[in-house]
Amino acid sequence: MSRSAEAGRGARAFAELMTIPAPDATPAAATMLDFVFDQVWQRPGLSRRDRWFIALPCLAAADTEAPLREHVYAALGSGDVTIDEIREAVLHFAVYSGWPKASLFNMIVDEQWARIHAERGEPVPPPAPLLPLSTPSDPEARLQCGEQTFRDVNCLPYTPTRDDPYSGAGILNFVFGEMWLRPGLGMKQRRLVTVACVAFQDAPYPIMSHVYAALKSRDVSFDEIDEAALQFGAYYGWPKASRLMQVIEEQKQRVTQEWTCEGSST
């Protein structure tokens, strides 16, 4: 296939995904369009819907306002991601990547949601009510809930101590006592957002632990985690993606060995 035909295919794939025309591109940029939009986004190992939960955190972390606006607009306008899901993704991103970057992400979500409805000539619907929370209000029950969720999410037999603000009030009370249990976003999507966040922050233990848990829980399959790494590389760069892929291979071996041992012991 000629280079011009490939460039045209990439532009068409961009327009179909992003719901706006592809930008005029130099030959080098057209090659990038072809790779990212016609090749990576079209691959079968991870659904288009799930790929958004890798791409959006990467864009928010990279402080790329214009591409983030375009991608939020496309994710919502196409119906691939609901407004409740993307708002939950912003909260999840805030925990794993920081509130300052999440504040811009949140602002852009609200802005693009309003834009979509203005273009459709419709009023912006009211947000889903925050209350009542689905998690316990009693402090002791909430900590117990956080401890159990910590074990379940991380596939670990232990929990951190309650007796310091970071692990008690932060990790057990909010992160696992509330956020991971919120109903607006599925477990697989939360795991994808988390893997993207720990990967672009070069957080050695969290990369290992969250890749391990995503696989061990079977929330994300081996094929899906490979595709998540490719999607991550397309949006955040190959140097960080190469580290993620290394960890993925290590954790595949670990999980496979554990499953083998667990099967032989039953």
Side-chain angles (χ1 to χ4, degrees), residues 17 32 34-64 67-68 71 75 80-81 85-86 88-98 101-102 105 150 153-156 171 175-176 179-180 185-259:
L17 178 76
M32 183 180 68
D34 177 61
F35 172 67
V36 175
F37 293 96
D38 187 51
Q39 296 184 42
V40 174
W41 275 93
Q42 309 304 321
R43 287 172 60 86
L46 189 66
S47 72
R48 189 173 95 167
R49 164 181 155 72
D50 286 338
R51 289 181 185 276
W52 287 113
F53 295 99
I54 298 291
L56 291 171
C58 289
L59 291 162
D63 300 316
T64 53
L68 180 57
H71 281 70
D80 286 346
V81 181
E85 288 173 327
I86 204 167
E88 287 295 328
V90 170
L91 175 61
H92 205 101
F93 174 87
V95 167
Y96 284 95
S97 295
K101 288 181 183 291
F105 191 2
F150 181 93
V153 168
N154 292 288
C155 302
L156 293 172
I171 298 298
V175 177
F176 292 97
M179 187 197 70
W180 274 92
L185 191 61
M187 184 60 71
K188 177 193 284 187
Q189 289 73 41
R190 289 191 182 277
R191 291 203 185 274
L192 293 173
V193 172
T194 305
V195 167
C197 290
V198 295
F200 57 60
Q201 296 199 73
D202 295 319
Y205 180 77
I207 294 174
M208 180 275 292
S209 65
H210 283 291
V211 168
Y212 166 78
L215 296 175
K216 184 63 182 287
S217 65
R218 292 185 167 87
D219 289 330
V220 181
S221 72
F222 283 17
D223 288 343
E224 287 172 330
I225 200 77
D226 287 343
E227 288 297 323
L230 176 60
Q231 185 83 2
F232 176 86
Y235 275 83
Y236 215 82
W238 292 108
K240 289 181 185 286
S242 64
R243 170 60 178 154
L244 175 58
M245 288 186 285
Q246 177 188 351
V247 172
I248 286 170
E249 290 307 310
E250 293 168 351
Q251 298 311 305
K252 282 182 182 178
Q253 294 178 26
R254 175 186 174 189
V255 167
T256 300
Q257 290 170 355
E258 290 181 356
W259 285 341

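Numbering starts at 1 and runs along the sequence shown.
- Here the shortest heavy-atom pairing between Leu215 and Ser221 reads CD2-O, 3.9 Å.
- Without hydrogens or angle criteria, Ser97 side chain to Ala94 main chain gives no donor-acceptor distance under 3.5 Å.
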Would Val153 and Arg191 count as a side chain to side chain contact (heavy atoms under 4.5 Å, CB included) if you check the C-alpha gap in whole Å, the side-chain angles of each, and the deciding distance to 0.1 Å? CA-CA 9 Å; Val153 168; Arg191 291 203 185 274; 3.9 Å; yes
For Phe53 and Lys188, run side chain to side chain contact (heavy atoms under 4.5 Å, CB included): C-alpha distance rounded to whole Å, both residues' side-chain angles, the deciding distance at 0.1 Å, then the answer. CA-CA 10 Å; Phe53 295 99; Lys188 177 193 284 187; over 6 Å; no
Please report the C-alpha distance between Lys216 and Arg254 in whole Å, then the side-chain angles of each, then the deciding distance to 0.1 Å, and finally whether the side chain to side chain contact (heavy atoms under 4.5 Å, CB included) criterion is met. CA-CA 9 Å; Lys216 184 63 182 287; Arg254 175 186 174 189; over 6 Å; no
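- Considering every non-hydrogen atom in both Pro57 and Val193, the closest pair reads CG-CG1, 4.1 Å.
- Residues Glu85 and Arg49 are paired through a salt bridge, judged by an N-O separation under 4.0 Å between the basic side chain and the carboxylate.
- Of all the heavy atoms in Trp41 and Phe37, the pair that sits closest is CB-O, 3.7 Å.
- Counting all heavy atoms, side chain and backbone alike, Pro206 lies closest to Val198 at CB-CG1, 3.6 Å.
- The shortest side-chain heavy-atom distance between Phe232 and Met245 does not fall under the 4.5 Å cut-off.
- With respect to the salt-bridge test (charged N to carboxylate O, under 4.0 angstrom), the residues Arg43 and Asp223 do not qualify.
- Atom CG of Leu244 sits about 9.5 Å away from atom CG of Asp226, to the nearest 0.5 Å.
- Among all heavy-atom pairs drawn from Val90 and Ala102, the shortest one is CG1-O, 3.8 Å.
- Separating the CD1 atom in Ile225 from the CD atom in Glu249 is a distance of 10.5 Å, to the nearest 0.5 Å.
- Within the 4.5 Å cutoff, the side chain of Leu56 has no heavy atoms near those of the Phe93 side chain.
- Met179 places a side-chain heavy atom less than 4.5 Å from the side chain of Tyr96.
- The closest side-chain heavy-atom distance from Trp52 to Leu17 is below 4.5 Å.
- When all heavy atoms are compared, the tightest approach of Leu46 to Arg51 is O-NE, 3.2 Å.
- Distance check: Trp180 CH2 to Phe150 CZ gives 11.0 Å after rounding to the nearest 0.5 Å.
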Apply the test side chain to side chain contact (heavy atoms under 4.5 Å, CB included) to residues Val220 and Met187: give CA-CA distance (whole Å), side-chain angles for both, the deciding distance (0.1 Å), then the verdict. CA-CA 9 Å; Val220 181; Met187 184 60 71; over 6 Å; no
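- Using the six-membered ring where Trp is involved, Tyr235 and His71 have ring planes that are perpendicular, over 60° apart on the 30 and 60° scheme.
- Judged purely by distance below 3.5 Å, without hydrogens or angles, the side chains of Gln253 and Gln257 never pair a donor atom with an acceptor atom.
- Salt-bridge check for Arg243 with Asp202: failed, with every basic side-chain N at 4.0 Å or more from each acidic carboxylate O.
- Atoms CD1 and OH, from Ile54 and Tyr236 in turn, are 13.5 Å apart once rounded to the nearest 0.5 Å.
- Atoms CD and CZ, on Glu224 and Arg218 in that order, are 13.0 Å from each other to the nearest 0.5 Å.
- Atom-to-atom distance recorded for Tyr205:OH and His210:NE2 is 8.5 Å, nearest 0.5 angstrom.
- Remark: the backbone N or O of Ala60 is not paired with any side-chain donor or acceptor of Lys101 at under 3.5 angstrom.
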